[in-house]
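Inspection log for the structure reproduced underneath, given as structure tokens.
Here the structure is a predicted model, which is why all the values come from computation and not from measurement. By convention here, the first residue in the shown sequence is residue 1.
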Amino acid sequence: MVHAEEVTRHFGSLKALDRVSLSVRPGEVFGLLGPNGAGKTTLVRVLTGVLRPDGGRAVVAGLDVLREPWAVKARIGYATQEQSVYRDLTVEENLRFRARLYRPKEAKALAEEALLRFGLLPYAKALAGHLSGGWRQRLALAQAVVHRPEVLFLDEPTTGLDPLSRRAIWDLIHQEAERGAAVLVTTHYMDEAERCHRLALLFAGRVLALGTPQELKAEAQGRADFYFAPVTLAEARRVEGVWDAWPSGHGVRLILRKGAVPPFPATPTEPTLEDVFLVYTKGEA
């Protein structure tokens, strides 16, 4: 459904994307994980036909993005970071407007279906501008999928939301994948990345690693060792071979160079995705 091959994009002298290759399958939630400025939004804009790549090839829903950007836009759903809803329209009016752009004859029925599926029916007549952040984000997601797209692009869809709202949004994202859509989600929240079927770690415009969360953790354990120790942060940072250390409860979590041994009692731990990201970016920063 989504295939990027050696995609490159410059902004002046800045290389925002450096030969990025990845694919997203139907029914899959694919996470693009990286810090701010890594190139996540730039890649999404290239794949949705908003930006032209300087090199490489991108195919979405069987269409070449460079040659047929408008045809691609008709086959996808796209929710941006800015919550692109019309605040002076009601929830129902927002959904009908978006549905009419794609499937005008079915707009009323599609809007009603989205109101029910996303739990928005009690707010159908409310102005979008009067919704809380969580409900407005839910509306933005409903707008992106109201026309039942084959491919869904979500650019940091939970930024600024509380944990319960974030969980609700992710439940809805997985419902779209179960419907058969190929879903690409960008995020910088490591706990959210655990909810993806596969991930690409993006840093400075480059894909550093790609695989399931479990595969990435296993690869990281081949590069470094992970411990918890009941010591101070200052003690931990004096250890030879320490890559990183940070407070955790009544002790410190450490990432050590493979084979390095802490000089105090320490318990081996399983790496988190945050640990994995630190390991991969250590040599790139």
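Taking each heavy atom of Leu202 and Gly39 in turn, the nearest pair found is CD2-C, 3.5 Å. What you find for Leu199 and Cys196 is that their closest heavy atoms are CD2-CB, 3.7 Å. In terms of heavy-atom proximity, Pro213 sits nearest to Glu194 at CB-OE1, 4.0 Å. Shown here for Asn36 and His188, the closest heavy-atom pair between the two residues is OD1-ND1, 3.7 Å. Of all heavy-atom pairs spanning Gly205 and Val20, the tightest one is O-CG2, 3.3 Å. For the residue pair Gly211 and Leu216, the shortest heavy atom distance occurs at N-CD2, 3.9 Å.
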**Request:** Take Leu127 and Arg87 through the test side-chain contact (heavy atoms from CB on, under 4.5 Å) and record every step on the way to the result.
**Result:** CA-CA 6 Å; Leu127 291 178; Arg87 297 187 176 217; over 6 Å; no
**Request:** Quick one: do Thr187 and Leu33 satisfy side-chain contact (heavy atoms from CB on, under 4.5 Å)? Show the steps, please.
**Result:** CA-CA 5 Å; Thr187 183; Leu33 178 64; 4.1 Å; yes
**Message:** Could you walk me through whether Arg166 and Leu161 satisfy the side-chain contact (heavy atoms from CB on, under 4.5 Å) test, starting with their C-alpha distance in whole Å, then the side-chain angles of each, then the deciding distance to 0.1 Å, before giving a yes or no?
**Reply:** CA-CA 6 Å; Arg166 286 169 57 193; Leu161 299 185; 3.8 Å; yes
**Message:** Between Arg75 and Val151, is the side-chain contact (heavy atoms from CB on, under 4.5 Å) condition met? List the steps.
**Reply:** CA-CA 7 Å; Arg75 305 276 289 276; Val151 183; over 6 Å; no
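In this structure, Tyr280 is not a member of the same hydrophobic cluster as Leu17, with clusters built from ILVMFWY side-chain heavy atoms closer than 4.5 Å. Residues Val207 and Val7 share a hydrophobic cluster, clusters being chains of Ile/Leu/Val/Met/Phe/Trp/Tyr side chains in contact below 4.5 Å. The hydrophobic cluster containing Val44 also contains Val46, counting ILVMFWY residues as joined when their side-chain heavy atoms lie under 4.5 angstrom apart, directly or transitively. Transitive grouping of hydrophobic side chains (ILVMFWY, heavy atoms separated by less than 4.5 Å) keeps Leu66 and Tyr78 in distinct clusters. Leu273 and Leu210 fall into different hydrophobic clusters, where Ile, Leu, Val, Met, Phe, Trp and Tyr are joined by side-chain heavy atoms under 4.5 Å apart, directly or via other members.
Side-chain contact between Val185 and Arg195: absent, with no pair of heavy atoms (C-beta onward) separated by less than 4.5 Å. Residues Leu43 and Leu22 form a side-chain contact, since some pair of their non-hydrogen atoms from C-beta on lies under 4.5 Å apart. No side-chain heavy atom of Arg223 sits less than 4.5 Å from a side-chain heavy atom of Lys258. Using a 4.5 Å heavy-atom cutoff, the side chains of Glu106 and Glu113 are not in contact. In this structure, the side chains of Leu131 and Val85 stay at 4.5 Å or more apart for every pair of heavy atoms. With contacts defined as side-chain heavy-atom distances shorter than 4.5 Å, the pair Leu110/Tyr102 does not qualify. Side chains of Arg179 and Pro149 form a contact here, defined as non-hydrogen atoms less than 4.5 Å apart. Annotation: side chain of Tyr227 is in contact with side chain of Leu256 (closest heavy-atom distance under 4.5 Å).
Proximity of a side-chain donor or acceptor of Arg98 to a complementary backbone N or O of Ala142 within less than 3.5 Å is not detected. A donor-acceptor pair under 3.5 Å links the side-chain atoms of Asp225 to the main chain of Gly259, judged by distance alone. Side-chain N or O atoms of His3 include none that pairs as donor or acceptor with a backbone N or O of Ser23 at under 3.5 Å. The main-chain N or O of Glu270 is never found under 3.5 Å from a side-chain atom of Lys217 such that the two would form a donor-acceptor pair. No donor-acceptor pair under 3.5 Å is formed between the side chain of Lys125 and the backbone N or O of Glu92. Put simply, the side chain of Thr272 gets close to the backbone of Asp275: a donor and an acceptor are under 3.5 Å apart. No donor-acceptor distance shorter than 3.5 angstrom exists from the side chain of Arg57 to the backbone of Glu5, with no hydrogens or angles considered. Not one N or O on the side chain of His174 forms a donor-acceptor pair closer than 3.5 Å with the backbone of Val29. With hydrogens and angles ignored, the 3.5 Å screen pairs a side-chain donor or acceptor of Arg103 with a backbone N or O of His147. The main-chain N or O of Glu215 is found under 3.5 Å from a side-chain atom of Thr212 such that the two form a donor-acceptor pair.
How far CE of Met1 is from CZ of Phe30: 15.5 Å, rounded to the nearest 0.5 Å. The distance from the CG atom of Leu164 to the CD1 atom of Ile169 is 12.0 Å, given to the nearest 0.5 Å. With rounding to the nearest 0.5 angstrom, the OG1 atom of Thr42 is 4.5 Å from the CZ atom of Phe11. In this structure, CZ in Phe97 is found 9.0 Å from CD in Gln143, a value given to the nearest 0.5 Å. Taken to the nearest 0.5 Å, the OG1 atom of Thr80 stands 8.0 Å off from the CZ atom of Arg45. One distance of note links CG of Leu47 with CD1 of Ile76; it measures 9.0 Å at 0.5 Å rounding.
The environment of His10 atom NE2 is dense: over 12 non-hydrogen atoms of other residues, nucleotides or ligands sit within 6.0 angstrom. For Arg19, the CZ atom counts as loosely surrounded, since its 6.0 Å shell holds 12 or fewer non-hydrogen atoms of other residues, nucleotides or ligands.
Under 3.5 Å, the side chains of Glu93 and Tyr86 contain no donor-acceptor pair of N or O atoms. Under the 3.5 Å distance criterion, with hydrogens and angles disregarded, no donor-acceptor pair is assigned to the side chains of Thr8 and Asp54. Under 3.5 Å, the side chains of Ser165 and Gln137 contain no donor-acceptor pair of N or O atoms.
Judged by the 6.0 Å and 45° rule, Arg206 forms no cation-pi pair with Phe203. Cation-pi geometry between Arg138 and Trp135 is met: the NZ or CZ atom falls under 6.0 Å from the ring centre, inside 45° of the normal.
A salt bridge links Glu28 with Arg198: the closest approach of a Lys/Arg side-chain nitrogen to an acidic carboxylate oxygen falls below 4.0 angstrom. A salt bridge between Asp155 and Lys40 is absent, with no side-chain N of the basic residue lying under 4.0 Å from a carboxylate O of the acidic one.
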